[in-house]
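Chain letters run A, B, ... following the sequence lines, proteins first and then strands; every chain starts at 1. Note that these values count all heavy atoms, side chains included, but never hydrogens, waters or copies made by symmetry.
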2 protein chains.
Amino acid sequence: MIGPHSYSAAGLGVPQKPLDGMAGPLSLRLGAHVPLSGEDLAALAHLAVRESAVAAHADLVRQGEPADTAFLVLEGIAARYVQRASGARQILALLLPGDLCDPDLAHLECWDHGIATLSPCRIARVPRAVLEELIATRPAVALAFRRTKLEAEARSRAWLTALGILLATERLVRLFREIVDRMHAVGLAGRNEGPLPLTQVDMAECIGTSTVHVNRVLQDLRRSGVVELKGNWLRLSDRAGLDAPAGE
Amino acid sequence: MIGPHSYSAAGLGVPQKPLDGMAGPLSLRLGAHVPLSGEDLAALAHLAVRESAVAAHADLVRQGEPADTAFLVLEGIAARYVQRASGARQILALLLPGDLCDPDLAHLECWDHGIATLSPCRIARVPRAVLEELIATRPAVALAFRRTKLEAEARSRAWLTALGILLATERLVRLFREIVDRMHAVGLAGRNEGPLPLTQVDMAECIGTSTVHVNRVLQDLRRSGVVELKGNWLRLSDRAGLDAPAGE
DNA sequence: CGACTAATTGATGCTATTCAACCACCGTGG
DNA sequence: CCACGGTGGTTGAATAGCATCAATTAGTCG
């Protein structure tokens, strides 16, 4: 049986595509946009060499540090965030397995935002030079990076829209949908359920509300049967999509 | 004397750099990132050939249309926006003189957001093929596009952060600061004052509040002497920066 | 002048914040 | 084994921020 803390896709009815082991989710993501050759895939697998386990809620980089390393998420959930002097934190985007934090790193001088893990993660650190060389020598990969980034930008626009015009309840459902959908796309979640290793504080920082309010909204959602969330395992009822239809 | 509706920089104490006439603001923007040759500048000036005047609050493209044309703002203010079924609209980003709506157009199939003028504008329409050729043949220009886009992404992150954690008053001041700063950067505004050809509805759609609330916040700001806004001309007191210091 | 768009105002109630306290769970060390 | 601290979750009451509806007042332009 699937434990709530399990990240495995086994038993979810998800066809687990047997690709190369290391950079599995990465090549899955990139391959969705551009067909990649065996050499491309090999080069990508090479990215995950400098890999390490990182505890939950740990900073990978802080705002203002020089941008000399990119991060590739292999397992777990990380996030870009901005922290203000007041202590308030806003999460800008989620980094799920297969996400490379920024292929355009080469053009940055220093980070204007921080990156931190939310759940325990396995992270690969990609030196700037390695990334630059990869982009220079493998055009298909470079193109895939670009398209993947455009996808991230589209998500960012949707996120911004949600903050601007949706109520907290709708924003939270949106967040859940995004996570399940993206996890599903890399074979780590089912169509309507998956792991959700976020604390309510994390969720609050995603959707721009207080923790207390997240708690209350979440209970409403549970009571009305829209979501089931227990021990880091999330299940969305079919209605969840219908309740926030115009979310685009 | 400068009329409130004037877009001219004359009399503002802004050194109006005498560059090529047509794509002035564009080359100003791009040149700030990458040194451009005379040939580069000539190629850019060529972009502004298909130029036309567009009235305020007119759509340039609607969400879902095929992405076959890019837009270059020569005068006025335009915006990217998302509109929901309910009619609520969220503005994602402002397009000021010198902004090219999307250099990555080539990788898009259709727009996931709309673009509309806010004030009366002069707009150049750049066919996809022209843009692609420019990027392919002029590497310095391509690089400048990329860097300029990164700048826009940084602004987008700041915008999202503002929506998530700032109060309406702070968000509005931020919006004003952004407009004046960016206009200043292309020589169309002074350091602390400039044109603001937006309606209160536009502002509300930018900062994600109701129009009524924008009106009230604006009056508070006027009463407390932070801003002076009369007939499309905005002046920010020096205090404006201090009142929202941690805005980054 | 009339028609339109933009700005303004008041009254009312919902949405969400804040502060505070309390509970449940989990791993640690005595 | 239980006492302990820590983190994350839950709850209540008071209040602030903001939306909504509705109506009124400038401005602007043909």
Side-chain angles (χ1 to χ4, degrees), chain A residues 3-5 55-58 77 84 86-90 116-120 162-173 175 195-224 227-234 244, chain B residues 3-5 55-58 77 84 86-90 116-120 162-173 195-223 227-234 244:
Chain A
H5 295 269
H57 298 113
I77 298 186
R84 301 188 70 227
S86 64
R89 214 167 83 141
Q90 175 64 43
T117 59
L118 299 183
S119 76
L163 276 181
I165 61 190
L166 298 187
L167 295 181
T169 311
E170 306 169 292
R171 275 178 276 166
L172 192 58
V173 171
L175 175 67
L196 190 82
L198 304 188
T199 65
Q200 292 185 357
V201 176
D202 296 330
M203 299 176 203
E205 290 173 346
C206 283
I207 68 173
T209 67
S210 67
T211 352
V212 175
H213 200 236
V214 164
N215 184 291
R216 288 174 174 142
V217 165
L218 199 43
Q219 288 177 56
D220 283 346
L221 290 175
R222 278 197 267 244
R223 223 172 288 126
S224 57
V227 311
E228 234 175 281
L229 175 55
K230 221 168 30 188
N232 287 358
W233 190 259
L234 172 71
Chain B
H5 294 270
H57 297 114
I77 298 187
R84 301 188 69 226
S86 64
R89 213 167 85 140
Q90 174 65 43
T117 58
L118 300 184
S119 76
L163 277 181
I165 59 189
L166 298 187
L167 296 181
T169 310
E170 307 169 292
R171 276 178 277 164
L172 192 58
V173 171
L196 189 83
L198 304 187
T199 66
Q200 292 185 359
V201 175
D202 297 330
M203 299 176 203
E205 290 173 347
C206 282
I207 67 172
T209 67
S210 68
T211 354
V212 175
H213 200 236
V214 164
N215 184 291
R216 288 176 173 139
V217 165
L218 199 43
Q219 288 176 56
D220 282 347
L221 289 175
R222 280 198 265 242
R223 225 172 287 124
V227 310
E228 236 175 279
L229 175 55
K230 221 168 30 188
N232 286 358
W233 189 259
L234 171 70

Practice task
Using a heavy-atom cut-off of under 4.0 Å over every strand shown, decide if A:Ser210 touches base, sugar-phosphate, or nothing.
Solution key: base
Handout entry: Atom-to-atom span, CG of A:Leu167 to C1' of C:dC14 - whole angstrom
Key = 10 Å
Handout entry: Short side-chain N/O contact to D:dT11 OP1/OP2 from A:Gln219, under 4.0 Å
Key = yes
Exercise for the section: Test B:Leu198 against B:Ile77 for side-chain contact (heavy atoms from CB on, under 4.5 Å), laying out the working first. Expected result: CA-CA 8 Å; B:Leu198 304 187; B:Ile77 298 187; 4.2 Å; yes
Fill in the blank from the handout: Between CG of B:Asp220 and C1' of C:dT8 the distance, given in whole Å, is 13 Å
Practice task
Would you state whether a donor and an acceptor, one from the side chain of A:Arg216 and one from the base of D:dG12, lie under 3.5 Å apart?
Solution key: yes
Practice task
Respond yes when some side-chain nitrogen or oxygen of A:Arg222 is under 4.0 Å from OP1 or OP2 of D:dT10, and no when none is.
Solution key: yes
Completion exercise
note: B:His213, atom NE2; D:dA19, atom C1'; distance rounded to Å ~ 9 Å
Handout entry: Euclidean distance, atom CG of residue A:Leu196 to atom C1' of D:dG8 [Å, nearest integer]
Key = 14 Å
Handout entry: Side-chain N or O of B:Asn215 closer than 4.0 Å to phosphate OP1/OP2 of C:dA7
Key = no
Practice task
Mind calculating the distance between CG (A:Leu172) and P (D:dG9) to the nearest angstrom?
Solution key: 12 Å
Handout entry: Whole-Å gap separating C1' (C:dA7) and CG (B:Leu221)
Key = 16 Å
Practice task
Would you indicate whether the side-chain heavy atoms of B:Val217 and B:Arg171 approach each other to under 4.5 Å?
Solution key: no
Practice task
For A:Glu205 and D:dG8, give me the distance from atom CD to atom P, rounded to whole Å.
Solution key: 11 Å
Practice task
Give the intermediate values and the outcome of side-chain contact (heavy atoms from CB on, under 4.5 Å) for residues A:Glu170 and A:Val173.
Solution key: CA-CA 5 Å; A:Glu170 306 169 292; A:Val173 171; 5.8 Å; no
Handout entry: Close side-chain approach of B:Val212 to B:Arg216, heavy-atom, < 4.5 Å
Key = yes
Completion exercise
B:Asp202 atom CG is separated from C:dT5 atom C1', nearest whole Å, by 12 Å
Practice task
Output yes when at least one side-chain N/O atom of A:Gln200 is less than 4.0 Å from OP1 or OP2 of D:dT7, else no.
Solution key: no
Problem - Backbone N/O of A:Ala56 and side chain of A:Ser119: donor-acceptor pair under 3.5 Å - result: no
